[in-house]
Amino acid sequence: MIHRAPRELGHLAAAAAATVAAATVLAVGHLVAVFVAPAASPFFVLGATVVDNTPKWLKDSAIRWFGANDKLALAISMGAVMVVAASLLGELARRRFALAAGGLTVLGVIVAFLALRRPSATFWFAVPALAGTLAGVAALTVLFVSFSGSEPEPATGPSRRGFLLALGGVTAGVVAAGVAGRYLATRLRDIAADRAAFLLPRVAKPAPPVSAEMDLPVQGITPFVTDADEFYRVDTALQLPSLTRGEWRLRIHGMVEREIRLDYDELLSRDAVESVITLTCVSNEVGGDLLGTARWTGYRLADLLAEAGPSRDADMVLSRSIDGFTASTPLAALTGNQDALLAVAMNGEALPVAHGYPARMIVPGLYGYVSATKWVVDLEVTRFDRTEAYWTRRGWAPTAPIKTASRIDVPAAFATLPAGEVVVAGVAWAQGRGIRAVEVQVDDGAWQEATLAEAYSIDTWRQWTWRWDASPGTHSLRVRATDATGYIQTDERVPPFPDGSTGHHSRVVTIR
Ligand SMILES: Nc1nc2c(c(=O)[nH]1)N[C@H]1C(S)=C(S)[C@@H](COP(=O)(O)O)O[C@H]1N2
Ligand SMILES: [Mo]
C-alpha cells in the first residue's frame, strides 16, 4: 500500500500531487474562511504575514518595480515559493509518505498560528487553516493511494490511469472551492460595505430612553438591552442571505386593493418609528436564553398594509424571506399594533446580516416563528385556512402569543455561596400584557414577593430582584411571574412544541 508504492510515483507526478495538495489547503481554507472569518483565509494570512515582515527597503523596491501590480507580484512570488516547497514535499512523500503528510500538517498548523496572531483574531481564526490542512492531507493521501491502490501493473497500467483521474478530480475540486470562495467573499464584502454605508433614518419621536430604574445594578443580571452581537440567533439559513439595500424589494400583494412594490429608497421616504421590544423564540426552554431586547428602528407595518388596503376577508399575512422561510402572522396583530415594524436597524445600527439585513419584521407579543421574518421581501395578505407557513406546516401552532415566563439569572446554577444576604435576580416577560409581580420560593417555603425594576413597556421584559437571608445547606430557588391580566405563571412543565414551554425555572445552590 502507501508505504511501498509511492516510490513508484515519478518525480514530476509526485510534485504535481503535492502542489495540488498544497493548493487544496489554500482553496478549502479560503472557502471555510468566508463563513468563519474572512480575514483568516490562509491566503490573506500568508500574504499579510509576508507583507508585514517584508523589510521596508524590499517593500519600497517592490512598489518601485511593480507599481500598482505589487499585489500581483506578491501572489506570483508566493505561488513560486509554494510550488518549490510542494515539490520538495512530493519528493519526501515518495520516500516516506507519513513524514510528508506530517510535514504538511505542521505547515498548516503554523498557518493557523499565524492566523491567530492577526489583528482582532478570535480563536475561530485557526479554523480555516486547520480545515484546509485536513483537506490537503486527504488530497495528498488520495493522490498517492490512487497510484498504489489497485494492483500495480507495469508501465501504463490502471494505477497510472487512477492517478491521473484522481489528480484531475482533486484539481477540479480545488478550482471549484477557490472559485466559490472568491465569489462568496466578494458577495459578503459587498454586504459589509453596504451595511457600513447605512444611515439610521431620522425618527420624529424617539422611543423613551431606558432608565437606570429599568436596568438594575445587579452583578450577573441580564442587561435590559441586549447587544446585537449577544442577541440570540435562530433561523433555518445554512448560509446567511446576502441582500444589499439596492437589491432589496418588498412586495405586498394577495387579498389587497392594490398591490405594492417598494424599493429601499421608497421605504426611506416614509416616516420612521422606533420601539423597544423583547423578541422571544418559541423554542426557548424554561430558564433558556432564546430571547433578547433591542431598540428597533423601522416602518409601521400597519401603515404599509394600509397603503395596500387589505380585504375584509383576510385574516393573515404570510411573510416570506429571500431564502424561502415563511411566517404566518394574524393580520390584526399587524394592523392593530403601532409597534409592529418592518425594522431596518437594531440598537441604532443597521441590522446585522444574521438578524435580517436589510429588513425584517418585529411584532410585539408573538413568538419569532410566526412574526419576525428576517430578510423579508414579500408580504402576502391571505387567510389562515388557505395556506401554512414554514413551521406551522411542521405542526407548530398557527397562533403563538408569547407565554408569561420568568428566569433566574443570579446566583448561577450550583453556585456555592456564604450564608447571609444573597441577591437573587433575573428577568420576567409577558409581552403584550406586562409583568405585575414576580415571586421567589426557597425549597418548599412560602412565595416571597420580589422587587420589580421599573417597567419599560408591556412589550419588554422586566428585571426583578429579591434579597435572601440564606442559611447553610443545599437549597432550591424557584421563580414565577404574574402578568398584568392577573394570570400566575403555571408550574406545569411542557416542552416548547407546539406553542412554547411552560414551567417554573428553578436553581439549586449551596450555602456554606
Ligand atoms: N428568514 C428567516 N426569518 C426568521 C427565521 C428563519 O428561520 N428565517 N426564524 C424565526 C425565528 S424562529 C425566530 S425566534 C426569530 C429569531 O430572530 P433573531 O435570529 O434575530 O434572534 O427569527 C425568525 N425569523
Ligand atoms: Mo424561534
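Counting starts at 1 for both ligands and their atoms, in listed order. All residue numbers refer to positions in the sequence shown, counting from 1.
Nearest to atom 17 (O) of ligand 1 among the protein's heavy atoms is R360 NH2, 3.1 Å. Among protein heavy atoms, the minimum distance from atom 2 (C) of ligand 1 is reached at F325 CD2, 3.3 Å. Summary of contacts: the protein heavy atom closest to atom 23 (C) of ligand 1 is A372 O, 3.5 Å. Y232 O, 2.6 Å is the protein heavy atom nearest to atom 21 (O) of ligand 1.
Applying the 4.0 Å criterion to heavy atoms of Y369 picks out, from ligand 1, the atoms 11 (C), 12 (S). Here is the list of ligand 1 atoms found below 4.0 Å of a heavy atom in D323: 1 (N). Annotation for ligand 1: atoms under 4.0 Å from non-hydrogen atoms of S321 are 1 (N). The ligand atoms of ligand 1 that sit less than 4.0 angstrom from a heavy atom of F231 are 21 (O). The ligand atoms of ligand 1 that sit less than 4.0 angstrom from a heavy atom of C281 are 14 (S).
Salt bridge status for D409 with R407: present, with a side-chain N to carboxylate O gap under 4.0 Å.
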Applying salt bridge (Lys or Arg N to Asp or Glu O under 4.0 Å), run through E274 and R295 and close with a yes or a no.
CA-CA 7 Å; E274 196 178 78; R295 185 158 55 89; 2.9 Å; yes

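Ring planes of Y390 and F325: tilted class, angle from 30 to 60°.
Side chain of H504 to main chain of Q489: a donor-acceptor pair is present (N/O by atom type, distance under 3.5 Å, no hydrogens or angles).
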